[in-house]
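For the numbers below, each heavy atom of this structure counts, side chains included, while hydrogens, waters and symmetry mates do not. Note that the structure is a prediction, hence the values are computed from the model and not measured. Lettering of chains follows the sequences in order, A, B, ..., and the numbering in each one begins at 1.
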There are 2 protein chains.
Amino acid sequence: MFKTIKPKRISDYIVEQIENLIRKGTLKPDDKLLPERELAKKFNVSRSSVREALNILQEKGLIVSIQGDGTFIRPLTDSIVQDGVRSFMKRDPATAWELMDIRKTLELWAVKRATEMLDENSSNAIKEMFYDLEKDYKLGKRSENSDTEFHLSVIKAAKNTVLTHMMTSIFQVLRDAVNIGREYLLDAKGFSKEKLFNQHKMVFDAIIKKDPLMAENNLKKHLSFIDKDFKEYLYKMYNAKNKEKMKISNNENMN
Amino acid sequence: MFKTIKPKRISDYIVEQIENLIRKGTLKPDDKLLPERELAKKFNVSRSSVREALNILQEKGLIVSIQGDGTFIRPLTDSIVQDGVRSFMKRDPATAWELMDIRKTLELWAVKRATEMLDENSSNAIKEMFYDLEKDYKLGKRSENSDTEFHLSVIKAAKNTVLTHMMTSIFQVLRDAVNIGREYLLDAKGFSKEKLFNQHKMVFDAIIKKDPLMAENNLKKHLSFIDKDFKEYLYKMYNAKNKEKMKISNNENMN
DNA sequence: ATGGTATATTGGTCATACCAACGAGTTATA
DNA sequence: TATAACTCGTTGGTATGACCAATATACCAT
């Protein structure tokens, strides 16, 4: 009935206006904005508030300010919206590692639960996803997608809506973190793909047999394997980062 | 060949530092940041620059500023947890039940982990929270807050930043769902308070003794108990829900 | 044609003052 | 006694004016 009133700051109104002008196309890429001092006059606010607004827009990636030159509209393609968690992860692989622990814990619980309360619907869904996975494997295709989908189908079978949403988010974030690297690692190892598929198969079989404990155990093996793989990848990433630390800190101000 | 040099603004350095503190867990969810004026002194910069940094962090969703009160660290997993929950929860209390399952799973893992890698700092933090709980209990006060704090102190001891943020969000949502009702239930039962405290004590003792398995088991007992309690409450709520539908939907947008 | 220089413009930072919202403790009131 | 109203210190929000630093431009020297 009543909505809470969040006091809007002046800068919010400015952000809103400028954002609209950009979306409507009135302000085109590379257009130069009025100087801060003049914007302040136009809006009849202080320069502080204008700057606050411009900072927000800059953080959103909509504009870019260049000292001594001016403020310019940025082509939208340049702006990559960064989610809070994701930006964290990119800078510090350890965070991804932590998230992986959480994933393991929840998924192990989920598979047991899913197996216990498996019904026909869930069973069919899981089968479908597994067959996709199998197909990809036999064709030698990247299984990145079907892999995730298979795991998610199992998780969904646990019939916990919140968990499903949560895990979907987590998988998304993890995928961002691992991205191409994982597939790359697998290629490098060669044997992994087969091993990986067999692990999936063992989990799948246990579920279909309605053996919760076996399902949990088999998944545990799989996840431990992934984990190692994942850790290794993160480790490489992390070390590569450190090696270039000097370079980075030297280039700290560079783009 | 040559990379362009983008001069870093002062606020960027501040953002970076604070972001790191959050990531490392030094700044935990709901922690209060120093006032802007004092931050300015600490960093030896002007308040403007501090504000610029805080605005950016706010835009990233890592903190939230409240006029007249202060600036606080926001759990960075709010989105992951609440995307799935918020909207459902209010429509269907059963969702809270699901969330409780997730809590159980994660917390059981956390307590084991925490006990395994318990160091002095964590130990002291947990002791402090437990003594608060004990005090509340002996004084017959509502233990709602100290209860949560105790649980969270244990979770923090697992040293998984993402988990800490996540569980903070979960507890928040759960508390929202249960609200006053829980305390009410306890009062109605009479015996519960003592039993509840003893359960906490058993968990606490096991942790201090560095016995991971016992800690896990004792917590499991506690959570099962809570669980039952919780379910009962939800059940009542759910039945009452239809009667008071109007009331609930009225409050839907309130905070 | 190249490189240096002067200057006006513009974003970046700082200091200060005041306003507005909040929390906590105190007092007044029912 | 309980509760409402008030006071006051703290803290974020806004305004202003000053100065610094980077940039573009035009002009000058070589």
Side-chain angles (χ1 to χ4, degrees), chain A residues 2-18 22 27 30-74 78 251-255, chain B residues 2-18 27 30-74 140-142 145 180 254-255:
Chain A
F2 297 112
K3 295 184 181 176
T4 57
I5 298 176
K6 188 181 70 182
K8 258 193 180 176
R9 279 164 295 179
I10 290 186
S11 53
D12 288 331
Y13 290 106
I14 302 179
V15 167
E16 208 171 294
Q17 283 198 43
I18 296 184
I22 296 178
L27 290 174
D30 295 328
D31 272 0
K32 191 172 175 180
L33 232 52
L34 286 176
E36 297 180 348
R37 291 164 176 84
E38 295 189 35
L39 279 180
K41 278 184 203 165
K42 291 260 184 194
F43 283 118
N44 197 30
V45 296
S46 76
R47 196 181 154 208
S48 324
S49 297
V50 171
R51 280 187 59 79
E52 222 180 286
L54 294 186
N55 277 325
I56 293 176
L57 287 169
Q58 193 152 20
E59 187 56 32
K60 287 191 175 186
L62 294 180
I63 64 175
V64 56
S65 294
I66 298 172
Q67 184 172 359
D69 193 356
T71 303
F72 303 86
I73 308 296
R74 241 177 108 177
D78 284 358
N251 289 352
E252 200 162 20
N253 297 327
M254 297 184 162
N255 246 352
Chain B
F2 295 110
K3 297 180 184 177
T4 58
I5 299 174
K6 191 179 77 182
K8 252 194 182 177
R9 277 162 293 177
I10 290 184
S11 52
D12 288 331
Y13 289 105
I14 301 179
V15 167
E16 205 172 297
Q17 283 198 44
I18 295 184
L27 290 175
D30 296 328
D31 273 1
K32 191 171 174 179
L33 231 52
L34 286 176
E36 299 180 346
R37 291 164 175 82
E38 294 189 36
L39 279 179
K41 278 185 203 163
K42 292 257 183 195
F43 284 119
N44 196 29
V45 297
S46 76
R47 197 180 153 207
S48 320
S49 297
V50 171
R51 279 187 60 79
E52 223 178 283
L54 295 186
N55 278 325
I56 292 176
L57 287 170
Q58 195 152 19
E59 188 56 33
K60 286 191 174 189
L62 296 182
I63 64 175
V64 55
S65 293
I66 298 172
Q67 183 171 1
D69 194 357
T71 302
F72 304 85
I73 308 293
R74 241 181 84 172
K141 281 176 63 182
R142 306 175 117 231
N145 251 316
I180 316 153
M254 295 187 158
N255 254 348

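Applying the salt bridge (charged side-chain N to carboxylate O under 4.0 Å, His left out) definition to pairs two or more places apart or across chains, those involving residues 37-50 of chain A are E36(A)-R47(A).
Residue L34(A) contributes atom CG, which lies 14 Å from atom C1' of dT9(C) at whole-angstrom precision. Taking atom NZ of K41(A) as the reference point, atom C1' of dT9(C) lies 13 Å away to the nearest angstrom. For the pair Q67(B) CD and dG23(C) P, the computed distance is 12 Å after rounding to whole Å. The nearest whole Å value for the distance from the CD1 atom in I63(A) to the C1' atom in dG12(C) is 14 Å. Here the P atom of nucleotide dC22(C) and the CZ atom of F72(B) are 12 Å apart, to the nearest Å. Rounded to an integer number of Å, the gap from CD1 of I10(A) to P of dC18(C) is 18 Å. For the pair D69(A) CG and dA8(C) P, the interatomic distance rounds to 18 Å; values are reported in whole Å. For the pair E36(B) CD and dT16(C) P, the computed distance is 17 Å after rounding to whole Å.
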Trace of the side-chain contact (heavy atoms from CB on, under 4.5 Å) decision for D12(A) with R9(A): CA-CA 5 Å; D12(A) 288 331; R9(A) 279 164 295 179; 3.8 Å; yes

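For F72(A), the side chain to side chain contact (heavy atoms under 4.5 Å, CB included) partners at least two apart in sequence or on another chain are K32(A), V64(A), I66(A), D69(A). Scanning for side-chain hydrogen bond (donor to acceptor under 3.5 Å, both in side chains) contacts around S48(B) gives an empty result, with sequence neighbours left out. Looking at residues two or more places apart in sequence or on another chain, you find a side-chain hydrogen bond (donor to acceptor under 3.5 Å, both in side chains) between E16(A) and K8(A). Evaluation of the side chain to side chain contact (heavy atoms under 4.5 Å, CB included) rule for I10(A) yields I14(A), V45(A), S49(A) as partners, not counting sequence neighbours. Applying the side chain to side chain contact (heavy atoms under 4.5 Å, CB included) test to E59(B) and every residue at least two apart in sequence or in another chain returns I56(A), E59(A), K60(A).
A distance of 9.0 Å separates CD1 of I18(B) from OG1 of T71(B), quoted to the nearest 0.5 Å. How far CG of N55(A) is from CG of N55(B): 7.0 Å, rounded to the nearest 0.5 Å.
Residues I66(A) and Q58(B) each lie close to DNA chain D; by heavy-atom proximity, the contact nearer the 5' end of the strand is made by Q58(B). The residue among L33(A) and G68(B) whose nearest nucleotide of DNA chain C lies closer to the 5′ end is L33(A).
Protein chain A contacts DNA chain D over a range whose 5' and 3' limits, counting nucleotides with an atom under 4.0 angstrom from a non-hydrogen atom, are dG13(D) to dA24(D).
Using a 4.0 Å heavy-atom criterion, one finds that L54(B) contacts no nucleic acid atom at all.
Residues of residues 44-53 of chain A having a heavy atom closer than 4.0 Å to DNA chain D, listed by number: V45(A), S46(A), R47(A), S48(A), S49(A), E52(A).
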